[in-house]
Participant: 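Encoded as structure tokens, here's the structure I'll be asking about.
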Amino acid sequence: PAAAGPPAGMLSPERYHRTTADSERLYEAYNDLHGLAQEFRKPFDSPAVVLVGHQTDGKSALVEALMGFQFNHVGGGTKTRRPITLHMKYNPACVEPACFLLSEQDQGFSVQVGAGGQEVTLEELQVIIEQENRRLARENAFSDQEIVVRIEYKFCPNLTIIDTPGLIHAAPGRKNAGQQAAQRRVERLVKAKMMQPEFIILCLEDNADWGNATTRSFVMQVDPLLERTVVVSTKFDTRLPQFGSAMDVEAFLQPGGLLEPTILGRRPFFTSVPSGRVGAGPGATYRANDDFREAVKRQEEGDLYELQARLGRELEGPELERVGVFQLRLFLEQLLQRKYLEHVPIIVPNLEREDRLVRLDMSDFSDAGSQRLLVHGPGGRGPGLLTAPVRERPFSVVLLDELEKATPKVFDLLLPLLDEGHLSDDNGEVTDFRRAIIIMTSNIASDLEEGLQAGFVPADQSQRDAMEEKVQRRMAESFRPEFQN
């Protein structure tokens, strides 16, 4: 039963936002790196989460709960006829959602979008989505071209999510030929999105029987072992009253042989999103998105209370980590962060072939005085090994490899670069680094990896906390506090 604060094993919202703030720079640097690769026509596939579910599985509602605000007025998930790609970014300065329309590929749009994206209000975004769905409905059509939106908000996670049209259950018989044709079109569209090997598939099931999970059967046509598929049981609040005994609940929480053992995350998630819309009219349930987020939180707490009451026991750590929108959002964000880091070795060689990478082995600068070579040429004349290529090519990726092996004087030199975005030599010549991307690598605490579990499955929260504390201690021993901050 509920107690003050989050149950044991769950990350508190305050701790989550600290973790999110710590990872924000990684997310932004990755996006900058992706943009640079696009600029020099060396694009790479960017990881994202693609939502797959039937029309009544609650896809749009789950996306809104993950984002922390409502954006799609179609409701019910029955009218989404075109994929919506949402590049969500946690931005503590945005007290209201800031929306930017990034693509305009159909004539149906009334908003003209430039190369840098068109800022639109939340109401304008809702109108655009509704207009597109109505236009396609009139034409009895679906489009595979994505509506691409960047959203910055203080309650957004750092995620890229593609919301696809809902799968259709077409009735048999010749009189339903039109609906059957629509079913085939949607399945082709969604399957094409799932085929992208770098995408994580979020498979939504509104079903109390894991042996009869239709969305999962469809997803397995593309991902047979569910190795890149996260399974989510939606509308969990309506599911709980259907179970007659604690044994039934246990079987649903841990389906065992009914789910593939290779499923991403090893077990499904269970989420509920409260019904009702945000607005000022008489039919509105919530007056503001703050009320909607609070309702999502109360729903999660209520689900936990009801679940533990029906089980007759308290949930354990790994079980708690699979109940609620908050836990799903945390899992997805950590999953994509790991994907981002895995993609960096793919991006860097592409840029290196374009002569856009400045790679420096910092063990070459371990001797006293060697730091001068970074900003000064031979004999103190001209730019150095770091400043020369950046002056010539300001849009560069600078890789400082094995930073801990450099002389401490290198840290003195790098502080103004990181604080102010430029370096000055003894002659007053300034090199501007504001257009460059700086990547630093270190082998500090690499010996702590022994015994860690491989793959995408996160360790227990207590293990993660202990590991983070050990790494921070090692960092403190090797780097000055102002450099870490």
Side-chain angles (χ1 to χ4, degrees), residues 1-16 53 56-59 61-66 68 157 202-213 215-216 229-261 263-276 292-334 457-462 464:
M10 288 185 67
L11 208 61
S12 70
E14 294 77 14
R15 172 70 185 279
Y16 169 77
T56 58
D57 286 346
K59 290 192 302 85
L62 181 59
V63 170
E64 291 175 338
L66 287 169
L202 200 60
C203 172
L204 273 54
E205 294 284 7
D206 178 14
N207 197 317
D209 180 8
W210 287 118
N212 188 31
T215 305
R216 192 170 90 250
T229 298
V230 179
V231 175
V232 181
S233 174
T234 58
K235 305 181 184 179
F236 190 49
D237 55 328
T238 64
R239 198 82 57 246
L240 283 171
Q242 300 177 21
F243 299 115
S245 66
M247 186 178 300
D248 293 337
V249 181
E250 295 278 11
F252 190 68
L253 289 180
Q254 303 182 45
L258 293 177
L259 271 180
E260 291 63 25
I263 181 177
L264 184 53
R266 294 198 173 181
R267 59 172 62 192
F269 283 81
F270 305 90
T271 64
S272 303
V273 179
S275 59
F292 171 63
R293 286 191 302 276
E294 186 61 31
V296 173
K297 180 181 177 182
R298 288 197 304 270
Q299 182 69 66
E300 185 170 327
E301 292 171 347
D303 286 350
L304 284 170
Y305 185 92
E306 177 73 12
L307 180 58
Q308 292 180 138
R310 287 183 173 273
L311 287 172
R313 64 176 179 84
E314 292 189 356
L315 294 178
E316 299 175 353
E319 295 173 320
L320 286 168
E321 292 176 358
R322 291 298 181 268
V323 179
V325 173
F326 177 80
Q327 294 296 325
L328 174 62
R329 145 183 186 154
L330 179 62
F331 176 84
L332 291 175
E333 188 165 12
Q334 291 175 339
V457 182
D460 179 80
Q461 181 61 45
S462 61
R464 291 199 295 269

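What you see is a predicted model; the values in this text were computed from it and never measured.
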Participant: What is the minimum heavy-atom distance between Val323 and Glu300, and which atoms define it?
Facilitator: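 Shortest heavy-atom contact: O-OE2, 3.7 Å.
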
Participant: Heavy atoms, side chains only, cut-off 4.5 Å: are Val232 and Pro268 in contact?
Facilitator: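 Heavy-atom side-chain distance check fails, nothing below 4.5 Å.
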
Participant: When you compare the side chain of Leu202 with that of Thr229, does any pair of heavy atoms fall below 4.5 Å?
Facilitator: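 Counting from C-beta outward, Thr229 and Leu202 never come under 4.5 Å.
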
Participant: Is there a donor-acceptor pair closer than 3.5 Å between any side-chain N or O of Gln308 and the backbone N or O of Leu315?
Facilitator: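 Yes: the side chain of Gln308 pairs with the backbone of Leu315.
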
Participant: Tell me, do Glu321 and Phe331 make a side-chain contact under 4.5 Å, heavy atoms counted?
Facilitator: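 No, every pair of side-chain atoms sits at 4.5 Å or beyond.
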
Participant: Less than 4.5 Å apart, any side-chain heavy atom of Arg216 and any of Trp210?
Facilitator: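 Answer yes - side chains close enough.
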
Participant: Charged N to carboxylate O under 4.0 angstrom, Glu306 versus Arg310?
Facilitator: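 Result for this pair is yes, salt bridge flagged.
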
Participant: Do any N or O atoms from the side chain of Asp237 and from the backbone of Gln299 form a donor-acceptor pair under 3.5 angstrom?
Facilitator: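 Not at all, since once roles are kept as given, no pair shorter than 3.5 Å links the two residues.
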
Participant: Apply side chain to side chain contact (heavy atoms under 4.5 Å, CB included) to residues Leu307 and Leu253 and explain how you reach the verdict.
Facilitator: CA-CA 10 Å; Leu307 180 58; Leu253 289 180; 3.9 Å; yes

Participant: Who pairs with Glu294 by salt bridge (Lys or Arg N to Asp or Glu O under 4.0 Å), at least two apart in sequence or on another chain?
Facilitator: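 Glu294 satisfies salt bridge (Lys or Arg N to Asp or Glu O under 4.0 Å) with no residue once adjacent residues are dropped.
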
Participant: Who passes ring-ring contact (aromatic ring centres under 6.0 Å, His included) against Phe270, sequence neighbours left out?
Facilitator: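 Per chain and number, Phe270 pairs via ring-ring contact (aromatic ring centres under 6.0 Å, His included) with Phe236, Phe252.
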
Participant: Who passes salt bridge (Lys or Arg N to Asp or Glu O under 4.0 Å) against Glu205, sequence neighbours left out?
Facilitator: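 Once residues adjacent in sequence are excluded, Glu205 has no partner under the salt bridge (Lys or Arg N to Asp or Glu O under 4.0 Å) criterion.
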
Participant: Looking at CG of Leu264 and SG of Cys203, how far apart are the two atoms once the value is rounded to the nearest 0.5 Å?
Facilitator: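 Separation between the atoms: 12.0 Å.
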
Participant: Please tell me if the side chains of Val231 and Thr215 come closer than 4.5 Å, counting only heavy atoms from C-beta onward.
Facilitator: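 No, too far: nothing below the 4.5 Å cut-off.
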
Participant: Please report the closest heavy-atom contact between Leu320 and Gln327, naming both atoms and the distance.
Facilitator: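 Shortest heavy-atom contact: O-CG, 3.5 Å.
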
Participant: How many angstroms lie between atom CG of Asn207 and atom CG of Asp57, to the nearest 0.5 angstrom?
Facilitator: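 Result: 9.0 Å between the selected atoms.
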
Participant: Looking only at the side chains, is there a donor atom on one of Asp303 and Ser272 sitting less than 3.5 Å from an acceptor on the other?
Facilitator: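 Indeed, the side chains of Asp303 and Ser272 share at least one donor-acceptor pair under 3.5 Å.
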
Participant: With side chain to side chain donor-acceptor pair (under 3.5 Å) as the test, would you mind laying out the steps for Gln254 and Glu319 before giving the verdict?
Facilitator: CA-CA 9 Å; Gln254 303 182 45; Glu319 295 173 320; 3.2 Å; yes

Participant: State whether the side chain of Asp209 and the backbone N or O of Gly211 hold a donor-acceptor pair below 3.5 Å, judged by distance alone.
Facilitator: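 Answer holds: yes.
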
Participant: Using atom types as modelled and distance alone, determine if a side-chain donor or acceptor of Gln242 lies under 3.5 Å from a backbone N or O of Thr238.
Facilitator: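 At least one qualifying donor-acceptor pair exists.
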
Participant: Ignoring hydrogens and angles, tell me if any N or O in the side chain of Arg322 forms a donor-acceptor pair with the backbone of Leu328 under 3.5 Å.
Facilitator: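 Looks like no, no N/O pair under 3.5 Å.
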
Participant: Nearest 0.5 angstrom please: Glu64 CD to Phe292 CZ, how far?
Facilitator: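 Interatomic distance, Glu64 CD to Phe292 CZ, rounded to 0.5 Å: 5.5 Å.
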
Participant: Test Thr271 against Leu62 for side chain to side chain contact (heavy atoms under 4.5 Å, CB included), laying out the working first.
Facilitator: CA-CA 8 Å; Thr271 64; Leu62 181 59; 4.0 Å; yes

Participant: Looking at Phe269, I'd like to know if the NZ or CZ of Arg329 sits under 6.0 Å from its six-membered ring centre while staying within 45 degrees of the ring's axis.
Facilitator: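 Cation-pi check for Arg329 and Phe269: fails.
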
Participant: State the OG-CG distance between Ser233 and Leu204, to the nearest 0.5 angstrom.
Facilitator: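 So the OG of Ser233 and the CG of Leu204 are separated by 9.0 Å.
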
